[in-house]
S.K.: 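First the structure, then my questions, so here it is.
Just so it is clear: chains get the letters A, B, ... in the order the sequence lines come, proteins before strands, and each one is counted from 1.
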There are 2 protein chains.
Amino acid sequence: MPRAGLSRDVVVETAAIMADEVGLNSLTLAALAERLGVKQPSLYKHLDSLAGLHRSVSLLAKRELGEAISRAAIGRSGSDAIFAMSHAYRNWAIQHPGRYDVTQSPVAPRDVEDEATMMSAVQVIADVLTAYRLEGDDSVDAIRAFRSLLHGFVSLETTGGFALEADIDRSFERLIRGFTVALDHWKDPVDGAQS
Amino acid sequence: MPRAGLSRDVVVETAAIMADEVGLNSLTLAALAERLGVKQPSLYKHLDSLAGLHRSVSLLAKRELGEAISRAAIGRSGSDAIFAMSHAYRNWAIQHPGRYDVTQSPVAPRDVEDEATMMSAVQVIADVLTAYRLEGDDSVDAIRAFRSLLHGFVSLETTGGFALEADIDRSFERLIRGFTVALDHWKDPVDGAQS
DNA sequence: TGGTTTTGGCTATTGACCTTAGCCAAACAG
DNA sequence: CTGTTTGGCTAAGGTCAATAGCCAAAACCA
């Protein structure tokens, strides 16, 4: 019985790869063990439970997505940064659908590490929006709007929610442009007028 | 052994209620059977499989959500209709989180009944957007944007994605207002100008 | 009404899966 | 080279979806 040379990180990374192939919820420990060339109970030397593995994959995914959008925003500002971040976000999600699924919800209530990871990704968005001079509630609302936009579009796209396959790129571009337009008018007074 | 008087509809409806309590994926046939006062294998007299039950709950949910937004749009037009639909959508989702989860993705590729159900809900949105005189690609993009907005916000909210519990109502209002602003400028030429 | 058929419960069983217990050899530390 | 830790393994238990086969209740029908 030669050793397989596993480690916690290898197991989690492999689980993430398989999650992108079949979905995290459909990933079984038996399948994961087989890919790692090991019997199923051996995995428990590297993880505490399936739920713990899910948490680890979720944290990995949140960190990766945060890094992807952060990298895209470097050296850009304003709508330029918004477009770059949006594309980075969407591209990462399309390349990692299984991971993406578990990026937007807390893995458990009161999970400090999880909250910190998500917070640091959200902070990138907050920083980019400073160019629009939004503060306090205005900023919170804009961040939530941006996250809703991105998550909604990407979630619908990756789960097949858009009936027509064609022209999804253009629809996304349009969505982000619409958001920048809305941002330009974010602090306009509310009235019923319509052009 | 007196009979429980079950029917397919009762089973599906009860499953939907329990899905709202614990999530559809966490719903076990054992728990469903117990609530119905019946042993687990007895359920198979009314359904073909767990996957089939999921499909039925999904179709029920899509129908209900479609009816909710359709009802809200009656007698309204323009941004008035958009706000009414948005609130109906969000309220329904908050009241039925388990069902909402399965409204946005096709239950299976090439499921004709499923596609038709979703299409009829999307058609309501398309009708409301006619007030903005959008046609062809403009309309497709706007519908996708609106669906993305709603789904993204509601999905983040119901899964606990927004860290701060407070002021979510205002953020939603702001999001929808932003969308109506963007719609007013939907056909503006693209340029880099920013106010 | 009485006989037959269909329907809707049930118990028992199988197989997939997660998980724990306990064994033993490989790696490692001195 | 010896002792300890580590990382595999087999075996076994519990939960779940699903199937097979039984039997009584309901429905049908003459």
S.K.: Any salt bridge between A:Arg90 and A:Glu157, counting N to O under 4.0 Å?
M.R.: yes
S.K.: More 5' along DNA chain C: A:Ser49 or B:Leu43, using each one's nearest nucleotide?
M.R.: B:Leu43
S.K.: What is the distance, rounded to the nearest whole Å, between atom CG of B:Leu6 and atom P of D:dA26?
M.R.: 13 Å
S.K.: Starting the side chain at C-beta, find the nucleotide from D:dG8, C:dC10, D:dT10 nearest to A:Lys39.
M.R.: D:dT10
S.K.: Indicate yes or no: does B:Asp167 engage B:Arg170 in a salt bridge with an N to O separation below 4.0 Å.
M.R.: yes
S.K.: Please report the distance, rounded to the nearest Å, between CG in A:Leu47 and C1' in D:dG7.
M.R.: 13 Å
S.K.: Out of D:dG8, D:dA18, C:dG9, which has the shortest distance to the side chain of B:Leu50?
M.R.: D:dA18
S.K.: So does B:Glu135 have more than 12 non-hydrogen atoms from other groups sitting under 6.0 Å from CD?
M.R.: no
S.K.: Please name the residue in the list A:Phe83, A:Phe146, A:Phe172, A:Tyr100 that meets the ring-ring contact (aromatic ring centres under 6.0 Å, His included) test with A:Tyr89.
M.R.: A:Tyr100
S.K.: Tell me whether the side-chain N/O atoms of B:Ser42 come closer than 4.0 Å to OP1 or OP2 in C:dC10.
M.R.: yes
S.K.: Say whether B:Val57 and B:Leu65 are linked into one hydrophobic cluster, either directly or through other cluster members, by side-chain heavy-atom distances under 4.5 angstrom.
M.R.: no
S.K.: Polar atoms only, N or O, under 3.5 Å: list the protein pairs with nucleotides 11-14 of chain D and their distances.
M.R.:
none

S.K.: Have a look at the helix from C:dT1-D:dA30 to C:dG30-D:dC1 and give the angle its two end axes make, five pairs each, rounded to 10 degrees.
M.R.: 10°
S.K.: Can you measure A:Lys45 atom NZ to C:dA26 atom C1' for me and round it to whole angstrom units?
M.R.: 13 Å
S.K.: Send over the distance from A:Asp48 CG to C:dA21 P, rounded to a whole Å.
M.R.: 14 Å
S.K.: Can a side chain N or O of B:His46 be found less than 4.0 Å away from OP1 or OP2 on C:dT7?
M.R.: no
S.K.: If you look at every heavy atom in A:Leu149 and B:Ser148, which pair is closest and at what distance?
M.R.: O-CB, 4.1 Å
S.K.: Answer yes or no: is there an ion pair linking B:Arg174 with A:Asp138, defined by an N-O contact shorter than 4.0 Å?
M.R.: yes
S.K.: A:Glu13 and salt bridge (Lys or Arg N to Asp or Glu O under 4.0 Å): which single residue from A:Arg8, A:Arg35, A:Arg99 fits?
M.R.: A:Arg99
S.K.: B:Arg55 and salt bridge (Lys or Arg N to Asp or Glu O under 4.0 Å): which partner among B:Asp114, B:Asp48, B:Asp111?
M.R.: B:Asp111
S.K.: Between A:Thr14 (side chain only) and A:Val10 (backbone N and O only), is there a donor and an acceptor less than 3.5 Å apart?
M.R.: yes
S.K.: When you measure from every atom of DNA chain C, which of residues 22-32 of chain A have a heavy atom less than 4.0 Å away?
M.R.: A:Thr28, A:Leu29, A:Ala30
S.K.: Can you confirm whether the side chains of A:Thr117 and A:Arg63 place a donor and an acceptor under 3.5 Å from each other?
M.R.: no
